[in-house]
Structure formats: structure tokens, C-alpha cells
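Working notes, structure below.
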Protein chains: 2
Amino acid sequence: MSAPRTESGAGRLVAVLVVIFRVEAGRLQVLLIRRSAEPFKDSWSLPGGRLPPGSSLLEAAVHRLEVETGVSEVFLEQLYTFSDLDKGDSVAAAYWALVDRESARLARRNEWQPQWYDVDRLPALAFQNETVVQLALARLRNKLAYSNVAYSLLPPEFTLSQLQQAYEAILSHVLDKRNFRKRILALGIVEPTGRYSSEGRHRPAQMYRFRERRPVVF
Amino acid sequence: MSAPRTESGAGRLVAVLVVIFRVEAGRLQVLLIRRSAEPFKDSWSLPGGRLPPGSSLLEAAVHRLEVETGVSEVFLEQLYTFSDLDKGDSVAAAYWALVDRESARLARRNEWQPQWYDVDRLPALAFQNETVVQLALARLRNKLAYSNVAYSLLPPEFTLSQLQQAYEAILSHVLDKRNFRKRILALGIVEPTGRYSSEGRHRPAQMYRFRERRPVVF
DNA sequence: CCAAAAGTGTTGGCTGTACACCCATGT
DNA sequence: ACATGGGTGTACAGCCAACACTTTTGG
């Protein structure tokens with residue numbers, strides 16, 4: 001049957017995890033927390049928690065993201081649901097999100113000590129959270145090519161060079177400037193705002209914004 | 001936290017659904033069953049059931065597929081996990097699979113009356129199973145282009161015309177014969193067996209097999 | 001005038017698409 | 001002989017990758 005039978009017996013423990021990425025100083029980073037409970041107490045893991053009764057998976061993921069970073073209107077998508085991350089009998093629905101380093105601010109006062117880590121220099125993680133991160137990273141790299149996911153990685157206005165730097169950080173290889181601009185402009189995911197970045201000791205740069213601040217796939 | 005706390009209180013009900021496709025007589029079909037329990041008793045739905053204690057999601061999906069069709073070595077992949085298919089507090093992990101009409105044989109004696117339905121002529125479904133089917137269909141169409149998913153839709157040996165017919169049934173539009181053959185051969189997902197189909201009142205056709213009988217993505 | 005980043009075009013290869021005819025077989 | 005499906009090639013267009021110099025500004 002496609003749904004629960006009304007019957008007795010405890011169900012499964014359902015957890016929700018969120019892989020939260022940002023780009024900082026040309027590095028792709030993931031948000032990790034220190035576990036405050038057993039098992040794996042004090043080791044690093046992805047933020048997450050038990051799915052509260054009455055809450056949908058998405059609501060729980062949004063809430064967790066908001067608790068950790070303070071942001072909510074960002075790209076957030078289901079990644080995969082795992083049932084064998086630990087030896088217990090639990091099911092973990094993983095989500096992934098992209099946040100802008102300026103608007104995402106970690107709650108410093110948290111009992112778990114949230115920290116950003118470069119994806120290519122992760123510490124040892126609880127359960128098999130490295131698997132989850134790797135899967136999220138693969139999805140991210142994949143979606144970069146044919147969607148506007150990056151919209152929530154950058155501030156509302158940005159230069160094409162900044163966008164390119166974000167792409168390079170994610171893909172971890174350099175891109176040709178002219179081809180990058182051609183491709184992005186041809187995709188039509190951004191448009192010029194008419195304003196110019198003045199923050200250089202250099203030539204001012206045209207600023208752009210994403211046409212859509214929600215997921216669009218091509 | 002990324003996993004269960006050891007604590008009291010019942011968890012969630014976790015269900016596993018499977019969207020099983022086949023191609024029959026040029027039509028793409030989905031397997032449906034009649035619900036034998038409330039709610040939605042006697043209406044059609046996707047095969048599924050509660051995730052048994054101690055079982056992983058994949059094991060449960062494999063098992064369900066095997067119960068319904070008798071096959072197990074086929075393409076089977078996680079689709080999406082829903083938490084709002086019904087008004088209850090359950091979570092449903094959906095999988096999708098492709099089976100060959102020759103080897104998949106429905107268990108006739110089931111209390112639920114499994115039946116194949118054309119995807120474009122579904123009856124009213126319980127919960128929001130139409131959503132699930134539509135999502136699975138989108139994934140299937142998408143994956144056709146850059147993977148060998150079709151490997152479990154056809155018998156071990158088949159002609160390129162049969163393969164093309166399967167593609168056309170899934171995409172629901174006709175394909176150019178020469179371009180199709182060029183593309184499939186260039187992808188390298190199939191190879192000639194050297195044998196010839198003799199089942200025509202027509203010219204015998206070269207038979208092919210898939211190089212890999214497990215998912216390969218390009 | 002120097003350093004630093006912005007901005008800009010062309011070419012060649014590859015890939016995908018459109019399109020029509022002949023062949024082998026069975027009846 | 002005819003009906004049925006099997007099998008094949010070419011030409012054009014769009015896309016992607018490689019590649020280097022000039023401009024603007026601040027110091």
C-alpha cells in the first residue's frame with residue numbers, strides 16, 4: 001500500500017540533515033556542527049535533527065537552515081534519503097542549500113559550535129556524513145551547468161567576475177573568462193542592473209542580478 | 001544532529017512506494033494495485049507498504065518489486081521522499097523501476113489486484129500518487145538521454161527497432177531512425193550479438209545487447 | 001606610469017538534426 | 001510482385017573550447 005496502515009507499533013526515527021554550502025574567499029565550504037550527544041559526541045557532523053511530529057520534511061529542513069544561518073529565502077532542495085548511515089534503525093532525509101556569505105550569519109551562542117569547513121579539507125565526520133557531502137557536491141556541480149542555482153550564493157548584485165569566481169570555487173578548476181560570460185549571458189539567468197561596482201582600485205564593473213530568485217532549470 | 005537521539009516516543013511511519021514501468025505494445029505502462037485497506041479502500045494506488053523494522057529503504061523497495069513482478073535484477077532507483085502525500089504524519093520514500101514485459105509476471109493470486117495501466121490513461125489514484133508517477137516519468141524521460149536505464153526494459157537481446165520503439169513509447173514522440181541509431185551506437189551502450197532476429201515475415205535484423213546491465217551515466 | 005581587473009571576437013571542431021532511398025525477406 | 005520493416009549517408013546549423021589584447025581606474 002502507498003501509505004500507513006493504522007496499526008500499533010512505533011514507527012521509524014526520521015532525521016533531517018542539511019548540507020549547507022557557501023563560497024568564501026574562493027573556497028567552497030560546508031557548515032558543520034559538533035555533536036553534543038552520543039553517539040559520536042563531540043565529533044563533527046552535518047546539522048540536522050529529528051523530524052518533529054506534524055512537520056513536513058521541507059519545513060524541518062527550512063527550519064534547520066534558518067536556525068543555523070538565519071536565512072530562509074535561499075536555494076534548498078532534497079538530496080537523498082538514507083537508511084543506512086548508522087547502525088540504528090533510522091531514516092535520514094538529506095537536503096542541500098546554498099547561502100550567501102554576507103547574509104548567512106552563524107548563531108554564535110549555539111551549544112553545538114557551527115563552523116565552516118573547506119569541502120576539500122573536512123575533518124572526520126560522524127556517521128557517514130562524508131558520503132552525504134560528496135553526493136551534495138556532485139549534485140551542485142551538475143546543476144551549475146544547466147540551472148540558476150547559484151542565485152543564493154551571491155548578494156543581490158554582483159559582477160560577472162564574482163560569479164565566475166564562485167563557479168570556479170565550486171568546480172575547482174579555472175574557467176575561461178570570455179566563454180564563461182558568453183555562456184552565462186546566453187543562458188539568460190542574469191541581467192545587468194545598470195549600476196557599477198565602485199569598490200575597486202580598478203576599473204568599475206557592471207553589476208548583474210539573477211532574473212529569478214528561485215530555481216529554474218534548462 | 002544527523003541521527004537519532006536515543007529517546008522515547010514513537011517515530012514516524014515510513015512507507016516505501018515503487019513506480020514500476022514497462023513498455024507493452026508501444027505504450028508506457030505503470031503497475032497499480034487496488035488498496036485493500038482504509039483509507040482509500042478499493043481505489044488504485046502505487047504498490048508500497050510500510051518499511052519493516054530492520055530493513056533498509058532499498059531492501060524494502062527491492063522486496064516490493066519482487067513481490068509484485070517476480071523480478072529483482074532490474075533498474076531500481078530512489079526517486080523522492082514525500083512527507084505530505086496524505087494528511088497523516090507519514091513519510092513515503094518513492095523508488096522507480098523498469099521491467100521487461102517478458103520477465104515480469106504479476107502475481108495473479110494477490111488480494112490486491114495488480115494491473116498495468118497506460119501512463120496517459122491513469123485512473124484516479126489514492127493519496128497523491130499521480131504526483132509521484134509524474135515525477136518518476138520526468139526522471140525516466142530525462143535519464144533516457146544520457147544513460148543506459150533502458151537495459152531492464154527489454155529482453156537480453158533485441159533489435160535496434162525494438163529499442164527505438166521503447167524510447168518512442170516513453171518520450172511519446174517519434175524519433176528519426178538514422179539519428180537514433182547513430183546516437184545509440186555513439187553512446188556505446190549496446191553492442192551487436194552477431195545473432196539475427198528471425199521472427200519476421202521480413203528481413204532479419206541484427207540483435208544487440210546492452211554492454212552493462214547496471215546503471216551507467218554519461 | 002604601473003598594477004590590477006574589466007571587457008571584448010574569431011576560428012575550428014564537434015554534435016545534433018533534418019531528410020529519402022534501396023534491400024532482404026515472406027507471402 | 002508486393003508489402004513490410006531493416007538498414008544506410010550527407011549537409012547545415014548551433015554549440016563549445018581555445019586563444020590575447022586593449023581599456024579604465026587608483027595609487
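Order of the sequence lines sets the chain letters (A, B, ...), proteins ahead of strands, with each chain counted from 1.
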**Prompt:** side chain to side chain donor-acceptor pair (under 3.5 Å) with B/Y196: which residues, sequence neighbours excluded?
**Reply:**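 Side chain to side chain donor-acceptor pair (under 3.5 Å) check on B/Y196 returns B/Q206.
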**Request:** Sequence neighbours left out, what passes side chain to side chain donor-acceptor pair (under 3.5 Å) with B/T69? Give chain and number order.
**Result:** none
Would you say [X]'s side chain and [Y]'s backbone share a donor-acceptor pair under 3.5 angstrom?
{"X": "A/R22", "Y": "A/Q29", "value": "no"}
{"X": "B/R211", "Y": "B/G188", "value": "yes"}
{"X": "A/S152", "Y": "A/F75", "value": "yes"}

**Partner residues of B/P156 under the side chain to side chain contact (heavy atoms under 4.5 Å, CB included) criterion, sequence neighbours left out** = none
How would you list all residue pairs meeting salt bridge (Lys or Arg N to Asp or Glu O under 4.0 Å) that involve [range], not counting sequence neighbours?
{"range": "residues 121-138 of chain A", "result": "none"}
{"range": "residues 193-205 of chain A", "result": "A/E157-A/R195"}
{"range": "residues 95-107 of chain A", "result": "A/E24-A/R101"}

Taking N or O atoms only and anything under 3.5 Å, show me the protein contacts with nucleotides 24-27 of chain C, one pair per line.
from: C/dG26; atom 1: O4'; to: B/R201; atom 2: O; distance (Å): 2.6

**Request:** Would you list the pairs meeting side chain to side chain donor-acceptor pair (under 3.5 Å) in which at least one residue belongs to residues 132-145 of chain B, sequence neighbours left out?
**Result:**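 Checked against side chain to side chain donor-acceptor pair (under 3.5 Å) - neighbours excluded - the pairs reaching residues 132-145 of chain B are B/E77-B/K143, B/N142-B/Y146.
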**Item:** A/Y95 and its side-chain contact (heavy atoms from CB on, under 4.5 Å) partner, picked from A/L79, A/L65, A/L57
**Value:**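 That would be A/L57.
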**Item:** Degree of bending in the helix from C/dC1-D/dG27 to C/dT27-D/dA1 once both end axes are built from five pairs, to 10°
**Value:**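 That helix gives 10° between its end axes.
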**Asked** Got a sec: does the CD of A/E191 have more than 12 other heavy atoms crowding it under 6.0 Å?
**Response** yes
**Item:** Between OH on residue A/Y117 and CG on residue A/L31, distance to nearest 0.5 Å
**Value:**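 With rounding to 0.5 Å, OH (A/Y117) is 10.5 Å from CG (A/L31).
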**Item:** Approximate separation, where rounding is to 0.5 Å, of A/R181 CZ and A/D176 CG
**Value:**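 If I round to the nearest 0.5 Å, the distance is 10.5 Å.
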**Request:** For the residue pair B/F158 and B/F210, categorise the inter-ring angle as parallel (less than 30°), tilted (30 to 60°) or perpendicular (more than 60°).
**Result:**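 Ring orientation, 0 to 90° scale: tilted.
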**Request:** Please list residues of residues 153-160 of chain B whose heavy atoms come under 4.0 Å from any atom in DNA chain D, ordered by number; otherwise none.
**Result:** none
**Item:** chain A contact limits on DNA chain D, taken 5' to 3' with a cut-off of 4.0 angstrom to heavy atoms
**Value:**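 Using the under 4.0 Å cut-off, the span is D/dA17 to D/dG26.
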**Request:** For A/Q164 and C/dG7, give me the distance from atom CD to atom P, rounded to whole Å.
**Result:** 12 Å
**Request:** Check DNA chain C against residues 172-191 of chain B and give the residues with a non-hydrogen atom under 4.0 Å, in numerical order.
**Result:**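 Output list: B/D176, B/R178, B/N179, B/K182.
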